[in-house]
Amino acid sequence: MVWFTLAWLAIWTVQLTPIQLLLPLQLDTQSGHWIDGVVWSGLVLSAGGLAGIAAAPVAGRLSDRTRSRYGRRRPWAIGGSVLAALGLVLTGSAEGPLLVGAAWVVTSVGVSVASSALTALIADQLDDQRGAASAAASSAQAVGVATIVLLGLSAGASYAVLACFILVIGTVTALLLPDPPLPHAAVLEFHARRDLIRPRVSSLVDPSFTRLLLSRFIVNVGNSFGTSLLLFFLLYGIMIPAADAENRLLILIVIYTVFVVAASILVGMVTDRRGSRRFWTVIAALVQACSGIIILISPNFTMTAVAAGVMGAGYGAYMAVSLALATDLLLDPDDHARDLSLVNSSANLGQLIGPLLGAGLVALVGGFWLLFAAAAVVSVLGAGLTLTVHPSRAVLRAPQPD
């Protein structure tokens with residue numbers, strides 16, 4: 001669990017630090033045409049998101065079919081980490097939105113490949129601790145961002161640190177995490193026995209699984225509305241001077257981080273013991289919705305800090321429990337990486353399409369009120385869709401070798 005948490009700390013740090021801080025700083029024109037910076041930021045993040053979405057299920061499928069003596073997941077986790085490190089170096093040295101966007105696509109693909117392999121380990125190896133493992137994967141996301149901001153490095157140096165971080169941590173944890181070779185004879189016997197009963201099944205044809213994917217996408221769009229353009233909101237929404245905006249952003253990130261970690265661990269462990277994962281997923285999405293309403297009522301820095309805590313609590317709990325709920329819905333143990341890569345991709349797509357949609361909302365009204373109203377509305381929609389997920393059923397499992 002320690003190595004797994006550390007691996008996800010690296011994954012989330014190299015993905016979210018550029019999204020929330022470095023890319024907006026690179027793309028902000030600082031010339032009075034601040035909406036141009038918002039729009040370019042949305043376009044670049046969305047391009048990377050689409051590339052990652054396309055890469056994740058392909059990498060997951062290949063990981064499921066890998067028959068290496070080094071394991072099914074390990075080669076893909078290492079390869080994705082190396083590719084992400086290369087992309088970060090290119091992003092840090094790129095100039096202009098087109099080159100920055102192309103480099104960020106490389107980073108996003110690498111992150112997607114590594115995360116698809118790591119997520120599959122939850123379903124591969126755990127039964128009654130899936131909530132805790134999902135909490136570890138989810139709570140790590142905010143810690144790394146706060147750490148990079150605290151270091152106070154320049155944009156180029158920050159990208160270099162991130163590249164070294166994912167290269168070293170991603171490779172080392174992949175080597176140390178258990179990834180036993182697939183028990184070929186046992187799985188073949190399982191498939192033969194299953195085919196006598198019914199045809200090959202797939203989670204993708206299960207309406208509950210597909211509805212959960214859609215709800216994760218929607219809730220992450222809501223979260224992205226409230227976080228990805230936060231620096232622009234501080235600068236141009238509540239008019240904090242540029243010299244002070246980054247320090248204020250750090251305060252908000254720390255608050256958000258504390259609540260993400262606390263809520264994800266607490267609720268993840270509670271659902272391991274008591275169940276009711278669907279209930280807690282719905283409640284968490286509704287809590288996130290409240291953060292947008294808070295900023296709408298009183299758009300100042302103090303209330304934004306309160307909203308950051310509320311959003312962190314809701315989002316941390318949602319991501320932990322919804323991932324554990326997704327593992328409960330899996331049908332075929334030979335498709336874990338592919339199916340869970342889609343679960344990750346649905347969240348990543350929301351996080352990376354959100355800035356583009358959010359930039360459009362900001363440009364439409366020339367301000368931020370519509371952005372936070374939309375954050376609340378789509379979070380409520382995600383909660384409603386989760387109510388239609390029905391996880392209780394028998395799950396096929398491969399027999400264990402003697």
Side-chain angles (χ1 to χ4, degrees), residues 1-26 44-45 48-49 51-52 55-56 59 73-94 100 103-119 121 133 135-177 179 227-228 246 249-250 253-254 256-258 260-261 264 319 344 347-348 351-352:
M1 191 71 76
V2 172
W3 294 122
F4 183 76
T5 304
L6 186 59
W8 274 104
L9 175 62
I11 290 289
W12 284 118
T13 299
V14 303
Q15 184 175 29
L16 293 184
T17 303
I19 290 174
Q20 295 183 359
L21 178 64
L22 299 179
L23 287 171
L25 287 174
Q26 280 182 286
V44 166
L45 294 178
R73 315 306 181 193
R74 187 174 293 120
W76 294 95
I78 293 174
S81 299
V82 172
L83 184 61
L86 174 62
L88 288 164
V89 172
L90 294 174
T91 306
S93 60
V100 171
W104 181 244
V105 165
V106 176
T107 305
S108 297
V109 170
V111 169
S112 292
V113 172
S115 61
S116 67
L118 290 169
T119 308
L121 293 175
S138 300
S139 64
Q141 62 182 286
V143 177
V145 183
T147 302
I148 293 297
V149 176
L150 282 170
L151 291 176
L153 303 174
S154 65
S158 295
Y159 278 114
V161 169
L162 291 174
C164 292
F165 189 45
I166 187 63
L167 182 63
V168 174
I169 300 301
T171 301
V172 170
T173 54
L175 292 172
L176 293 175
L177 279 166
D179 183 20
T227 58
S228 62
E246 192 170 329
L249 179 63
L250 171 60
I253 289 175
V254 169
Y256 180 82
T257 298
V258 170
V260 164
V261 173
S264 61
M319 289 298 287
N344 273 342
N348 292 340
Q351 285 290 333
L352 295 164

key: Qualifying residues under side chain to side chain contact (heavy atoms under 4.5 Å, CB included), relative to S115, sequence neighbours excluded   = W8, I11, N344
note = Closest non-hydrogen contact found for A77 with A114 is O-CB, 3.8 Å
request  = Can you measure from CG (L162) to CG (L167) and round to the nearest 0.5 angstrom?
outcome  = 12.5 Å
remark   = Note: A56 and S116 closest approach over all heavy atoms is O-CB, 3.9 Å
query = Quick one: does L177's side chain get under 4.5 Å of R74's, heavy atoms only?
reply = no
key: Contact summary for V44 and W104, nearest pair of heavy atoms   = O-CD1, 3.6 Å
key: Any donor-acceptor N/O pair, S108 side chain to A51 backbone, under 3.5 Å   = no
request  = Measure across A163 and I166 and return the closest heavy-atom pair with its distance rounded to 0.1 Å.
outcome  = O-CG2, 3.3 Å
inquiry  = Which residues pass the side chain to side chain contact (heavy atoms under 4.5 Å, CB included) test with A94, not counting sequence neighbours?
reply    = L99, V100
task = Would you mind reporting whether S93 and Y159 have side-chain heavy atoms less than 4.5 Å apart?
result = no
Flag side-chain contact, heavy atom, 4.5 Å: I78 against L175 = yes
task = Identify, with sequence neighbours excluded, every residue that meets side chain to side chain contact (heavy atoms under 4.5 Å, CB included) alongside L6.
result = W3, L9, I169, T173
query = Counting only N and O atoms by type, is there a donor-acceptor contact under 3.5 Å from the side chain of T107 to the main-chain atoms of G87?
reply = yes
query = Taking the side chain as C-beta and beyond, is there a heavy-atom pair between T91 and Q26 under 4.5 Å?
reply = yes
ask   = Between atom OG of S158 and atom CZ of F165, what is the distance when rounded to the nearest 0.5 Å?
value = 13.5 Å
